[in-house]
2 protein chains.
Amino acid sequence: MSSSRSGPGPETGLTMRDVAERLGVSPMTVSRALRGRPGIGAATRERVLAEVAALGYRPNKLARGLRSGGPHELIGLLVTNLGNPFYSQLAVGVEQVAVRYGARVMLGSTGADPDSEHEVVDDLLERGVDGLVVVPAGHDHAHLGAVQLRGTPVVLAASPPMGADLDCVLVDDFGGTRDACRRLIEHGHRRIGFLGLPAALWTGSERFRGYAFALDEAGIEVDERYVRRLRGDVEAIEAAARELIDQPEPPTALLTANNRNTVGALRALRFRDTDAPRVELAGFDDVELADVLHLPLTVVSYDPIEIGRSAATLLFDQLAGTDPVAQHRPRRLTVPTTLVDYAVQPRPRTAATAGPAR
Amino acid sequence: MSSSRSGPGPETGLTMRDVAERLGVSPMTVSRALRGRPGIGAATRERVLAEVAALGYRPNKLARGLRSGGPHELIGLLVTNLGNPFYSQLAVGVEQVAVRYGARVMLGSTGADPDSEHEVVDDLLERGVDGLVVVPAGHDHAHLGAVQLRGTPVVLAASPPMGADLDCVLVDDFGGTRDACRRLIEHGHRRIGFLGLPAALWTGSERFRGYAFALDEAGIEVDERYVRRLRGDVEAIEAAARELIDQPEPPTALLTANNRNTVGALRALRFRDTDAPRVELAGFDDVELADVLHLPLTVVSYDPIEIGRSAATLLFDQLAGTDPVAQHRPRRLTVPTTLVDYAVQPRPRTAATAGPAR
DNA sequence: CTGTTAGCGCCTTCAG
DNA sequence: CTGAAGGCGCTAACAG
């Protein structure tokens, strides 16, 4: 009962020396027993482990890391908003891989604010993360490149690096949207509306490109009357969708470039006169209950968990290499998308968000 | 350039002494400048801070915590599965409050496995968390009580403590289900089916109790033919729902006790003959796109983020008190629920999962 | 096989 | 106002 006043002893106030003293051995012996290191007799080890168990002693990983200088088996995960299912799924993937490597995940939310991202990155570094998986908040990733150059690997998720040589994992934004648009064209549509994010955002740009590409293939010109690119909540999107379909020569189909846009469009389509012309829908991102809607809907589906897994795997790859950062050729992975046609026939939902019920 | 070989220097390999030497002062001066402590001249402070900025030096919070013995401003969050929107929303709330207190969140997924929960708790303690917010995986929380007694506060979320005196934050499972069931009864239903979790689970038990209570109020007996309590994926639930409504004297309404059950029931109802008798639905947990479904659906809505916020607030409350653990009278908070009737009229969705679009 | 010495990066304490 | 000594809990590196 030496250091039991209030010291940082992890959870119990017990220190290695307490265990050692109680056994009449040196702290080193306890250390060796605990870490399963050689240079200790089997009998002694048993004795130590028994005492450790009896006392409920737990080593202090922070002190260990400080002294050994080794990795802390801790990675940081920066997302803009965990409340968005895409990011929470991504987090699941990151965590799965981290645990496999014996590491833990420290969370940071940026709220899509680059300044906040800066601060969180600094804080996580001060807390000794070995590496970072980042869903970037801004367009310029130079500061993340600097972090990497200083020795902490960084992997980007859902966005390609800009102004820095970083690994990244992307969704096939272009291909997915192109395929969805092709599908609409196959269905005979020529006037196809687009509802998506501004071009300044990666997905906004790439998905629009897929749309324009498919139109071009089919000899159709992009008609700006049918294009709305905005950053807003579902209400704003719904209004934009209504605007699109209520104009004189309305599109006969709508391509929505993300989940929020799809929901907004669904609302706009659903709450109008039943004698209005039917509008077919195709959207990026899967939609819960899409198959129950009884609407002609095609979605671009992919696995957000896989994005997290891939990003974390890239990170631990770098961490495993000797001098992970020097002469590092950035890698870029793309997660594939598949077209799911809910209009054709009901099909079982993916179990993505299933998990144990509550 | 002293300690620059590979040491644990947080991100840059720089240590306080490096900064101090470069300035011809002692490390203590740097420390004081950095922490804004008194006992240092304004001029000196400026000089130090300038050098710190120029060098990009960042203090090592791990070493700081080791020496000062103070809190690490780090809390652990244990959930069963972040992929479930309920838990990710909860995590959002926890993180919001943590950040407000200058703390960070370390994540742990238990996969609803009590053994795994044990391990994760130990690991987080070794990593110096100041406290824990736990969505418990098992029924017995004695081990969490032990953790608390050893000095690390624990707050439970979404489940009341069993076998330990812990703070907790609950949803009004009973009241919400009771209200939903009352609504169905108001609508004239007498044969009301129940689809929920087994009684062994807290929500399974409480929500069934709400159902039974409302029936009892109305002088209706619980009819086991109309009750299905299972733990399964959406497919299994859908099958159970179909079983319920396809029997000889089927219920005219269904009460589903959670989101997964609601989705399963919606599927079962949607994919059957159009001449089948109409079945009204009421369910616990909100459902995305519920208003677009054009089905008579009432949901018990609440704010999962608020659960996380409350839980974290309770935790930091304890952390703030002197000797947080001793003589601690456990507190129990209940987050209210509201009934939302999507059948009556379309209404804007809550912005719960909105966040920045992608 | 075991113990001793030294020190990770920082901060508390006490001298100057 | 500043610096020196000592140590948080643990573990390399070297003795024995």
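In what follows, chains are A, B, ... by sequence order, proteins preceding strands, each numbered from 1. All heavy atoms count here, side chains included; hydrogens, waters and symmetry mates do not.
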What integer distance in Å separates [X]:[atom1] from [N]:[atom2]?
{"X": "A/L66", "N": "D/dG7", "atom1": "CG", "atom2": "C1'", "value": "12 Å"}
{"X": "A/E21", "N": "C/dT2", "atom1": "CD", "atom2": "P", "value": "18 Å"}
{"X": "A/E126", "N": "C/dG9", "atom1": "CD", "atom2": "P", "value": "15 Å"}
{"X": "A/R64", "N": "D/dC8", "atom1": "CZ", "atom2": "P", "value": "18 Å"}
{"X": "A/M16", "N": "C/dG3", "atom1": "CE", "atom2": "C1'", "value": "14 Å"}
{"X": "A/N60", "N": "D/dG7", "atom1": "CG", "atom2": "C1'", "value": "14 Å"}
{"X": "A/H72", "N": "D/dG9", "atom1": "NE2", "atom2": "C1'", "value": "13 Å"}
{"X": "A/R127", "N": "C/dC10", "atom1": "CZ", "atom2": "P", "value": "15 Å"}

Partner set under side-chain hydrogen bond (donor to acceptor under 3.5 Å, both in side chains) for B/R332, not counting sequence neighbours: none
Kindly say if [X] contacts the phosphate of [N], meaning a side-chain N or O under 4.0 Å from OP1 or OP2.
{"X": "B/T44", "N": "D/dT2", "result": "yes"}
{"X": "B/R67", "N": "C/dT12", "result": "no"}
{"X": "B/Y57", "N": "C/dC10", "result": "yes"}
{"X": "A/S68", "N": "D/dC10", "result": "no"}

Backbone N/O of B/G138 and side chain of B/H141: donor-acceptor pair under 3.5 Å: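 At least one qualifying donor-acceptor pair exists.
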Stretch residues 25-39 of chain A: residues that reach within less than 4.0 Å of DNA chain C through a heavy atom: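 Hits under 4.0 Å, by residue number: A/V25, A/S26, A/M28, A/T29, A/R32, A/G39.
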B/M28 atom CE: more than 12 heavy-atom contacts under 6.0 Å: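 Yes, because the 6.0 Å sphere around CE of B/M28 holds more than 12 heavy atoms from other groups.
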Salt bridge (charged side-chain N to carboxylate O under 4.0 Å, His left out) partners of B/D130, counting only residues at least two apart: none
Residues that A/H118 engages under ring-ring contact (aromatic ring centres under 6.0 Å, His included), provided they are two or more places apart: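 Result, ring-ring contact (aromatic ring centres under 6.0 Å, His included) vs A/H118: A/H143.
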Helix axis bend for the helix from C/dC1-D/dG16 to C/dG16-D/dC1 - C1'-based end axes, five pairs, 10° rounding: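 One end's axis against the other's: 40°.
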Residue pairs passing the salt bridge (charged side-chain N to carboxylate O under 4.0 Å, His left out) test where at least one lies in residues 42-56 of chain A, sequence neighbours excluded: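 Non-adjacent pairs meeting salt bridge (charged side-chain N to carboxylate O under 4.0 Å, His left out): zero.
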Sequence neighbours excluded, every pair satisfying ring-ring contact (aromatic ring centres under 6.0 Å, His included) that has a member inside residues 14-36 of chain B: none
Within residues 90-102 of chain B or reaching into it, pairs that qualify as side chain to side chain donor-acceptor pair (under 3.5 Å) - sequence neighbours excluded: A/S109-B/E95, B/Q96-B/R309
Non-neighbouring partners of B/T110 that pass side chain to side chain contact (heavy atoms under 4.5 Å, CB included), sequence neighbours left out: B/L78, B/T80, B/S116, B/E117, B/A137
